[in-house]
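Here the structure is laid out as structure tokens; the discussion comes afterwards.
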2 protein chains.
Amino acid sequence: MFSNTVEYALRAVAALAEDWERPHAVQKIAERTKMPNDYLAKVMQALCRAGVVRAIRGRHGGYQLAQAPEKLSLLDVINAVDPIKRIERCPLGLAGHGANLCPLHRRLDDAIRETENAFRFTTLGELLQSTGPVRPLCPIEPTGSLINVAL
Amino acid sequence: MFSNTVEYALRAVAALAEDWERPHAVQKIAERTKMPNDYLAKVMQALCRAGVVRAIRGRHGGYQLAQAPEKLSLLDVINAVDPIKRIERCPLGLAGHGANLCPLHRRLDDAIRETENAFRFTTLGELLQSTGPVRPLCPIEPTGSLINVAL
DNA sequence: ATTAAGCTGGACAAAGATGTCCGGTTGAGC
DNA sequence: GCTCAACCGGACATCTTTGTCCAGCTTAAT
């Protein structure tokens with residue numbers, strides 16, 4: 001239901017969120033989140049243009065979140081790379097169907113709206129605070145210890 | 001959020017639902033739903049293989065719903081052409097993340113599950129029964145009369 | 001039997017998403 | 001001011017989705 005690019009972008013910001021006041025090189029993020037290095041570079045550029053992350057160029061540079069994790073919603077991230085589009089008007093361009101969607105498109109748009117809201121009100125900060133056996137981007141070691149490596 | 005193909009499939013079955021006990025030719029459906037004739041042919045074949053519609057071959061043939069509109073859910077149609085995939089396991093393949101999704105993927109899967117349910121419990125019959133100014137596949141004529149032509 | 005309507009399915013073209021490659025630019029540290 | 005790590009961005013390759021074309025098969029009606 002969500003594009004590959006969205007999945008990548010979310011993994012990347014989740015990785016950045018844990019230590020968001022320092023820049024992280026693309027290569028390091030790619031290793032932690034197990035995705036293609038060069039493709040991630042493109043995704044990060046998109047996130048940067050959208051203002052979700054900030055780029056620090058030059059040696060010891062990298063990307064960092066543009067704001068605190070509590071200020072960034074999952075929707076911000078999703079919309080930066082692959083915007084969720086609501087159904088504003090009748091896709092068939094029918095006369096008289098301005099804001100009045102037919103029952104079919106009304107149901108579709110309702111579902112889209114609910115999805116939008118689910119992500120609008122979830123921040124990166126909340127993901128980090130979640131309690132449970134599995135942490136964001138963190139595999140559980142066979143021994144039971146937690147290593148901060150994956151989503 | 002939904003593919004073009006899903007939109008087409010839903011339009012097509014909505015068109016069939018209004019007179020579901022007779023076969024309708026692909027060309028007629030394509031005109032009513034304003035989509036490419038030859039592409040619709042492929043979509044109908046997929047719906048047919050999935051058992052959502054039935055094909056009547058030969059002259060005066062066409063497609064008709066395989067069941068009454070009350071028996072067909074929007075999810076049946078969606079899954080026939082572009083199945084909604086839940087997140088069953090950690091996309092990073094991390095050790096220890098069997099059924100335990102990390103907070104990020106848990107939120108994503110929750111959203112997918114809610115979308116699935118929204119469509120699982122909506123039938124084509126309900127769309128037809130909806131009251132409101134705009135009917136499925138029906139443009140409102142400037143004069144105010146209803147013509148059964150579009151979604 | 002012949003014809004015409006209409007589905008079937010393969011081949012192919014166009015566009016977008018995904019992924020790779022690489023030379024150029026920036027800026028911290030020496 | 002030199003060097004090197006790291007971002008920038010264009011070009012290109014590949015795959016999937018979307019869309020088109022067409023010859024062949026099936027069946028109703030005559």
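Per chain, numbering begins at 1; letters A, B, ... match sequence-line order. These numbers were taken from a predicted model, which means no experiment stands behind them. Just so it is clear, the values below take in all heavy atoms, side chains as well, and ignore hydrogens, waters and symmetry mates.
A nucleotide of DNA chain D counts as in contact with chain B when one of its atoms lies under 4.0 Å from a heavy atom; the first and last such, 5' to 3', are dT18(D) to dA29(D).
Partners of E126(B) according to the salt bridge (charged side-chain N to carboxylate O under 4.0 Å, His left out) rule, which considers only residues two or more places apart in sequence or in another chain, are R107(A). Partners of A118(A) under the side-chain contact (heavy atoms from CB on, under 4.5 Å) rule, at least two apart in sequence or in another chain, do not exist in this structure. By the salt bridge (charged side-chain N to carboxylate O under 4.0 Å, His left out) test, R113(B) is found to be paired with D110(B), residues two or more places apart in sequence or in another chain being considered. Residues passing the ring-ring contact (aromatic ring centres under 6.0 Å, His included) test with F121(B), sequence neighbours excluded: none. Judged as a side-chain contact (heavy atoms from CB on, under 4.5 Å), and not counting sequence neighbours, the contacts of A30(B) are N37(B), L40(B).
Applying side chain to side chain donor-acceptor pair (under 3.5 Å) to R32(B) and the options Q27(B), H24(B), E18(B) leaves one that passes, E18(B).
Within the structure, ring-ring contact (aromatic ring centres under 6.0 Å, His included) pairs that include any residue of residues 30-50 of chain A comprise Y8(A)-Y39(A) (at least two apart or interchain). Pairs passing the side chain to side chain donor-acceptor pair (under 3.5 Å) check and including a residue from residues 67-76 of chain A, sequence neighbours excluded, read S73(A)-D76(A). Sequence neighbours left out, the pairs with a member in residues 57-66 of chain A that pass side chain to side chain donor-acceptor pair (under 3.5 Å) are R54(A)-Q64(A).
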Atom pairs under 3.5 Å, N or O on each side, protein against nucleotides 26-30 of chain C: can you list them with distances?
from    : atom 1 : to     : atom 2 : distance (Å)
dT26(C) : O4'    : R57(A) : NH2    : 3.3
dT26(C) : O2     : G58(A) : N      : 3.3

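Taking every heavy atom of residues 78-85 of chain A and every atom of DNA chain C, no pair lies under 4.0 Å. DNA chain C is contacted by D38(A), Y39(A), K42(A) of residues 37-51 of chain A, taking any non-hydrogen atom closer than 4.0 Å.
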